[in-house]
2 protein chains.
Amino acid sequence: MQTELIKNKNDINHQSNELRSAGLKVTLPRIKILEILEHSPERHLSAEDVFRALLEAGDNISLATIYRVLTQFEDAGLLESHNFDNGHKVFELNRGDHHDHMVCVQTGKVIEFHNEEIEKLQHEVADRHGLEITGHSLVLYVKPK
Amino acid sequence: MQTELIKNKNDINHQSNELRSAGLKVTLPRIKILEILEHSPERHLSAEDVFRALLEAGDNISLATIYRVLTQFEDAGLLESHNFDNGHKVFELNRGDHHDHMVCVQTGKVIEFHNEEIEKLQHEVADRHGLEITGHSLVLYVKPK
DNA sequence: CTTTCTGCAAAGGTTTTGCAGATTT
DNA sequence: AAATCTGCAAAACCTTTGCAGAAAG
């Protein structure tokens, strides 16, 4: 119990700092949303996913706020977003480790991977056209063999 | 003039055959939509793009029909679709040559490319996880250097 | 006290759908 | 004649926005 309390307190301080350094006021909705993103077993969440996770945790935060906050977090660099082909935009914490995604077409499960060689080849392709890469999206749609 | 007429007639036969072999009835809206996709200088078109191109050509075909037809064409394998990060879904003719895309973040221009080595590495990554690739999406967002 | 935030409800933009009449086969 | 298609208008989605009161700094 004791350790649990300390953990939560540390968490909140940690999140408050993240918010402050992003130039955002520290509010309950923002802390709760950050918590969901940090603790959810599924790392890639849509606005709707966050809304429902909060509801299950007993926090009824309006969808409008969630959309606004997720966008602010993305602008601040706390989150990244991806548009998978199923049409939904998902957000994930920016942990500083660049990676790409495999999405299981049967279960929707998302697996992260990173391949340095693919990255290098991408830059070569852009170079060859006299272009500079500002971002990229690589998604493999997969199923169990 | 003569050759122009013959060309148009050949085109229509060609398109009718494509429709028939897709199991779709040959109707004017479908032929016109195929024509746009085959002759437009921009190969990657949204439903709205097709709608406007048709209007400019004097054909007022309802957006509902365009959405329906594009989806049917995709199901039939005549088209492929992509969701670029700007949010709009675009369609392009399936010419049988697989390729990936670079999208210019300044102009929206789409450049196609193909890199066999990247393809190979993708399969290696999936293999390593015991997965099979059913499709993939690779988009490089670029700008002039 | 000023600035920023939140919830609500309304509006926006895109895509889908039910239906009745038109067209294709 | 039967099956399929089209246009229209309405609905369904997802996301954004204006506003007024609430909270943070």
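Everything numeric in this text was worked out from a predicted model, so none of it was measured. Chain naming here is simple, since letters A, B, ... match the order of the sequence lines and numbering starts at 1 in each.
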* To do: Output the distance between atom CD1 (B/Ile33) and atom OG1 (B/Thr65), rounded to the nearest 0.5 Å.
  =>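 Spacing of CD1 (B/Ile33) from OG1 (B/Thr65) equals 7.0 Å.
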* To do: Would you tell me if any nitrogen or oxygen in the side chain of B/Ser46 comes within less than 4.0 Å of OP1 or OP2 on C/dT14?
  =>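 Checking B/Ser46 against C/dT14: no side-chain N or O falls below 4.0 Å of OP1 or OP2.
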* OP1, OP2 of C/dT4 versus side-chain N and O of A/Thr27: anything below 4.0 Å? ->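 Checking A/Thr27 against C/dT4: no side-chain N or O falls below 4.0 Å of OP1 or OP2.
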* Given the rule in the side chain to side chain contact (heavy atoms under 4.5 Å, CB included) test, do A/Leu70 and A/Glu74 qualify, once you have shown the distances and angles that lead to the verdict? -> CA-CA 6 Å; A/Leu70 289 176; A/Glu74 187 180 11; over 6 Å; no
* Side chain of A/Lys89, base of D/dT15: donor and acceptor closer than 3.5 Å? ->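 Side chain to base: no pair below 3.5 Å.
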* To do: Consider only side-chain N and O atoms of B/Arg30 and B/Gln15, and report whether a donor and an acceptor are under 3.5 Å apart.
  =>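 Distance-only check fails for B/Arg30 and B/Gln15.
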* May I ask you to check whether B/His101 and B/Glu92 show a side-chain donor-acceptor distance below 3.5 Å? =>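 B/His101 vs B/Glu92: donor-acceptor pair found between side chains.
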* Using 4.0 Å as the upper bound for N to carboxylate O, is an ion pair formed by A/Lys120 and A/Glu116? ->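 Looking at A/Glu116 and A/Lys120, the cut-off is not met.
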* To do: Compare the minimum distances between each of C/dT6, D/dC5, C/dT25 and the side chain of A/Pro29, then state the nucleotide with the smallest one.
  =>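 Side chain of A/Pro29 sits closest to C/dT6.
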* To do: Taking only heavy atoms on the protein side, list every residue of residues 65-75 of chain A lying under 4.0 Å from any atom of DNA chain D, sorted numerically.
  =>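 Going residue by residue through residues 65-75 of chain A, the ones with a heavy atom under 4.0 Å of DNA chain D turn out to be A/Tyr67, A/Arg68.
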* Asked: What pairs with B/Glu119 under salt bridge (charged side-chain N to carboxylate O under 4.0 Å, His left out), at least two apart in sequence or on another chain?
  ->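 With neighbours one apart ignored, the set is empty.
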* Answer with base, sugar-phosphate or nothing: what part of the nucleic acid does B/Ile61 contact at a heavy-atom distance below 4.0 Å? =>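 Sugar-phosphate, no base atom in range.
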* Relative to the 5' end of DNA chain D, which residue comes earlier, B/Arg30 or B/Ala64, by the nucleotide with the nearest heavy atom? ->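 Result of the comparison: B/Arg30.
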